[in-house]
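Everything below concerns the one structure shown next.
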2 protein chains.
Amino acid sequence: MFDKQMQVSLANQFRHQHHGTKLLILPNIWDALGARLMGKIGYPSVATASVATALVNGYLDGENIPFRRLLEIVRSISSSVPLPLTVDVERGFADNTIQLQENIRLLIEHGAIGINIEDSLPDHKRLYPIKEQCRKIEAIRETGIQVGVPLVINARTDVFLTESSASALTEGIERGMAYKDAGADCIYPVTINNYEDIDRFVREVGTAVNVLLMKSIPDLKKLRDIGVARVSLGPNLLSHVLVTMKEIAEGLMREDSSVFFSRELMSREFRDSLV
Amino acid sequence: MFDKQMQVSLANQFRHQHHGTKLLILPNIWDALGARLMGKIGYPSVATASVATALVNGYLDGENIPFRRLLEIVRSISSSVPLPLTVDVERGFADNTIQLQENIRLLIEHGAIGINIEDSLPDHKRLYPIKEQCRKIEAIRETGIQVGVPLVINARTDVFLTESSASALTEGIERGMAYKDAGADCIYPVTINNYEDIDRFVREVGTAVNVLLMKSIPDLKKLRDIGVARVSLGPNLLSHVLVTMKEIAEGLMREDSSVFFSRELMSREFRDSLV
């Protein structure tokens, strides 16, 4: 099932999508159907969110889902859409470089052509030393080369989660530049959230930058204008889905079907056309 | 992982829920997270929809999903909520009685305490002869007894899908009575959709009746008043979810985040409290 030539092509397409005239938007999904829906709407690539792949399978985020189960999800999605698939693998589900490289190899063999790798400890309160994180990124890059698929590495820095905004920007830029030199294709300062910070981050890091879609960031057109390459939704598409389910289910619980019927129902034809 | 005493208790609870003063409403879900959400909202039991479990895994409805994968879903859901779980198994994924009984045993061992079994051929255009369907129901009932779990059988008749409304009602009632005698706990005339038909069906079949929630049926309070025991959503909760995802993703595709931001976001605390 591992078609190396196809994956080389998808990896190259995905890397290219970071440098086009259009903003690369990734509405993070968690299963084959979500991926099909995004393909049908016209998205050129799909991404998972670790929160979402964990929760829908009954696990909390934080590498609690068995890695084998994550691989099954990756296979299910990659075999359902002919699009580049990038997978959020948190810290790589590994305690050492050998395990990390094995996991990256398995992810590629199950159909991933890109990954997100983050630099905070499991508590999200402290960061790994910059050199240690760079060695992880180098090891991931090396695995892609060994397998023969030019994996697209999105290096997430959690510096805005762990530090005050002022010091976070400086350290985030330092980390971004180091991760880029270690082989990352894109830097993801998660929760960076104001125009000035984003603008400076993009200019100083000097490679593709991924921004999380939040209310406090500039609008999408402005992000594109200041050179942001990629915008992702993280767990928030799943949050919207859960709100929809909750509103309908709470209505029905009160024997009130108005919420259920007030919303447009997808036609069976459209729904089935997704598979 | 198979706790027989627990499942006996859950099966008895679920059977009892068909005969209480409250209408039993089943907002059909497809994964552990959906089940947790329904439990949190206060639903006393959870059900899958075959369309949903198939589609989210990349398969069309119609027993295309590997039965092993369906069992994994059943395990994932049943181990995530301490609630009765009834599983839509279409025609049982079996060509003969031995396979059918083996599959029912596996479903129970993976945590199901109820099932939906339908009486139309895979094309949904013709029905199995009534005696043949009764033998299937008897075989399922017998398996429950052998395993020691009083499985709740929801016998779906697809007569309203295959015949005109006039003849469907007569044949549906005949089938419902026969399925009840064969051991079904509840009869599900899928897409029955007007007050008179539902009222007559409930009175003549003389056991619990399941109605699919559709715009053309009476409101929930009236359904309860005329003695309907159970209302399910079939694939329509998933349809609503897909519409939500589609609207948000189409907006973002146009670099328009207003749809995304106009909706309430679920708090991380609530979301994580589900797992």
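Small disclaimer: the values here were computed from a predicted structure and weren't measured. Numbered from 1 within each chain, the chains take letters A, B, ... in sequence-line order.
No other option in A/I248, A/L252, A/D256, A/N57 has as many heavy-atom pairs under 4.5 Å with chain B as A/L252. Considering only heavy-atom pairs separated by less than 4.5 Å from chain B, the leading option among A/V81, A/L237, A/L242 is A/L242. Your options are A/L223, A/L220, A/L274, A/V275, and the one with the most heavy-atom pairs under 4.5 Å with chain B is A/V275. Most heavy-atom pairs under 4.5 Å with chain B, from the set A/Y59, A/F260, A/F270: that is A/F260. Highest contact tally toward chain B, considering only A/L37, A/D219, A/L265, A/D272, is held by A/L265 [criterion: heavy-atom pairs under 4.5 Å]. Looking only at heavy-atom pairs under 4.5 Å with chain B, the residue among A/A249, A/A35, A/P235, A/A32 that has the most is A/A249. Ranked by non-hydrogen atom pairs under 4.5 Å with chain A, the options B/L213, B/L238, B/T244 are led by B/L213.
Only the side chain of A/L233 comes within less than 4.5 Å of a heavy atom of chain B; its backbone N, CA, C and O stay farther away. Heavy-atom distances place the side chain of A/M38, and not its backbone, under 4.5 Å from chain B. Only the side chain of B/I29 comes within contact range of chain A, with heavy atoms under 4.5 Å apart. For A/I73, no part sits under 4.5 Å from any heavy atom of chain B, backbone or side chain. For a residue to count as touching a neighbouring chain, one of its non-hydrogen atoms must lie under 4.5 Å from one of that chain's; by this rule B/R36 touches chain A with the side chain only. For a residue to count as touching a neighbouring chain, one of its non-hydrogen atoms must lie under 4.5 Å from one of that chain's; by this rule B/V51 touches chain A with the side chain only. Contacts between B/S80 and chain A at a heavy-atom distance below 4.5 Å involve the side chain alone, from C-beta outward.
Here the straight-line distance linking atom NZ of B/K215 with atom CG of B/N193 works out to 14.0 Å at 0.5 Å rounding. Within the model, atoms OH of B/Y43 and CD of A/E250 stand 8.5 Å from one another, a figure rounded to the nearest 0.5 Å. In this structure, CG on B/L212 lies 7.0 Å from CD1 on B/I217, to the nearest 0.5 angstrom. Going from atom CD1 of B/I113 over to atom OG of B/S45 covers 7.5 Å, rounded to the nearest 0.5 Å. Summarising the geometry, atom CG belonging to A/L83 is positioned 8.0 Å from atom CD belonging to A/Q13; distances are rounded to the nearest 0.5 Å. The CG atom of B/L60 sits 11.0 Å away from atom OG of B/S50, with the distance rounded to the nearest 0.5 Å.
Of the options A/N154, A/D88, A/T86, a side-chain hydrogen bond (donor to acceptor under 3.5 Å, both in side chains) to A/N116 is made by A/N154 and by none of the others.
B/H124 NE2: more than 12 foreign heavy atoms inside a 6.0 Å radius.
No side-chain heavy atom of A/D31 sits less than 4.5 Å from a side-chain heavy atom of A/S76.
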Point to revise | Audit row: A/V231, B/E255, side-chain contact (heavy atoms from CB on, under 4.5 Å) steps and yes/no | key: CA-CA 10 Å; A/V231 171; B/E255 297 191 351; over 6 Å; no
Practice item. Decide yes or no on salt bridge (Lys or Arg N to Asp or Glu O under 4.0 Å) for A/R69 and A/E72, but give the supporting numbers first. Key: CA-CA 5 Å; A/R69 177 73 197 111; A/E72 289 166 6; 2.9 Å; yes
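The aromatic rings of B/F93 and B/F67 sit tilted relative to each other, their planes meeting at an angle between 30° and 60°.
Contact annotation for residues 17-28 of chain B against chain A (heavy-atom separation below 4.5 Å, listed by residue number): B/K22, B/L23, B/I25.
Under a 4.0 Å N-O distance rule, the pair B/E247/B/R263 qualifies as a salt bridge.
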